[in-house]
Protein chains: 2
Amino acid sequence: MSTSDGGGAYHHGDLRRSLIVAAHALLRAGGVEAVTLREAARLAGVSHNAPYRHFASREALLAALATEGFRALRQALDDAGRRAEPGGRLTALGRAYLRFADADRATFRLMFGGVVEEAGHPDLAEASGAAFGALRSVVAEREPSAGAEREALRAWALVHGLAHLVADRQIDAERAEACLT
Amino acid sequence: MSTSDGGGAYHHGDLRRSLIVAAHALLRAGGVEAVTLREAARLAGVSHNAPYRHFASREALLAALATEGFRALRQALDDAGRRAEPGGRLTALGRAYLRFADADRATFRLMFGGVVEEAGHPDLAEASGAAFGALRSVVAEREPSAGAEREALRAWALVHGLAHLVADRQIDAERAEACLT
DNA sequence: CTCGTATGTTGCGCCTGTCAACATACGCGC
DNA sequence: GCGCGTATGTTGACAGGCGCAACATACGAG
């Protein structure tokens, strides 16, 4: 076969994808608590139990959403890094990180909110690791000296903290970007 | 009366408190999703509907947990600030912040996870404001110059980001503390 | 064309949140 | 001391969600 998990098209035409799209809409509209297997099924136009052919549980659906989020974040970071000159790379990545958090607050919170554990969701762990890798490599490139480790961690934490503050609407994206050194 | 909301002792002996304690235990053990009005009632030894005499809804219970969290955080920050010399105050507060996040990860995530909105929970807004005030005043005290605003925000974001990384178990508390300048 | 299997459906039990009606115990006024 | 009003807790019910099991269907291989 081909559909095993990745994205075939049987009766419905790619229900897995449709469910993720529907769930993402629910997530953006009402936060994690609003993401429901049944409501996603309803939006996709299938019966309340059809999702179980693609997701073992509600948490598996949430994990898929978080995985997509990490993939999108990684894409955004890669793009930003490729577009920027070596000197301004870190700032560019930081900006991309903040814009991601600002543009999809609910997904950002799902990714870092601890509702889904990476253990037991290999795809999620991989996507998350890849996104962090993109960030870490650029941070390390800028600080190759002795205290690099610490400075890299500081830069990461700063951006991450700003992103959370943005996602929580405690500061707005502009003020956050102004803090990126 | 006296019990209106604050903490009386009628039949049960202070059910409101007992429910908060029980819910806190559930929160620590299983995260937000494990916090259930019915389970809290069970732990407190009352019927499944008794909690409604003290909390209007599940979200109100979660808001109470977050409020308690912000009060504890503020207490920890105040204590740390009082114990430290003026020069090392910011670092001391940062350490207290990180230790709080490390000691009660689930509550930290509830406080900043966006599941409960401050709007509609005045107590929560007040407690959260007070905790941030404690942090902000010390940050500002250390950076009274022109770019103070920006530097204060950077310091805040750094600590906050480290705390999230600690709560998410992406780094351990020791490494985080080493980043506090 | 037939058959196996991936996909989707129907129906169910259990759990939760929440409402409504009822029961009970506390303390105030007499 | 005593009865009553009210804050508190209980019982019962309903809707909605999760996840299981049995069933139905459509696709592709041969």
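So you know, we letter chains A, B, ... as the sequences are listed, proteins then strands, and number each from 1.
Closest to the side chain of Asn49(A), from the set dC20(D), dG19(D), dT9(C), is dC20(D). For Thr36(A), the side-chain atoms get nearest to dC18(D) when compared with the rest of dT16(C), dT10(C), dC18(D).
In this structure, Arg58(B) atom CZ and dC15(C) atom P are separated by 17 Å, rounded to whole Å. His48(B) has its NE2 atom 11 Å from the P atom of dG17(C), to the nearest Å. Protein atom CZ of Arg42(A) is 12 Å distant from nucleotide atom C1' of dA15(D), rounded to whole Å. For Leu61(B) and dG17(C), the CG to P distance is 9 Å, given to the nearest whole Å. Following rounding to the nearest Å, Phe55(A) (CZ) and dG19(D) (C1') show an atom-to-atom distance of 16 Å. Remark: C1' of dT10(D) and CG of Leu15(B) are 13 Å apart, rounded to the nearest angstrom. Atom pair Asp14(A):CG and dC27(D):C1' shows a separation of 16 Å (rounding to whole Å applied). Note: CG (Leu26(B)) to C1' (dT16(C)) measures 13 Å, nearest angstrom.
Taking only distance into account, the side chain of Arg16(B) never meets the base of dT8(D) through a donor-acceptor pair shorter than 3.5 Å.
Among the atoms of the strands shown, base atoms are found under 4.0 Å from some heavy atom of Arg38(A). Here Arg53(A) lies in heavy-atom contact (under 4.0 Å) with a base.
The closest side-chain donor-acceptor pair between Thr67(A) and His121(A), if any, does not fall under 3.5 angstrom.
Electrostatic pairing of Arg74(A) and Glu126(A) does not count as a salt bridge here, judged by no charged N lying under 4.0 Å from a carboxylate O. With respect to the salt-bridge test (charged N to carboxylate O, under 4.0 angstrom), the residues Glu33(B) and Arg58(A) qualify. Using a 4.0 Å cut-off between charged side-chain N and carboxylate O, Asp102(A) and Arg99(A) make no salt bridge. Ion pair Arg109(A)/Asp168(A) flagged as a salt bridge, since at least one NZ, NE, NH1 or NH2 atom sits closer than 4.0 Å to an Asp/Glu carboxylate oxygen.
At the phosphate of dG8(C), OP1 or OP2 sits under 4.0 Å from a side-chain N or O atom of His54(A).
Nearest-nucleotide positions on DNA chain C place Ala50(A) closer to the 5' end than the other of Ala56(B) and Ala50(A).
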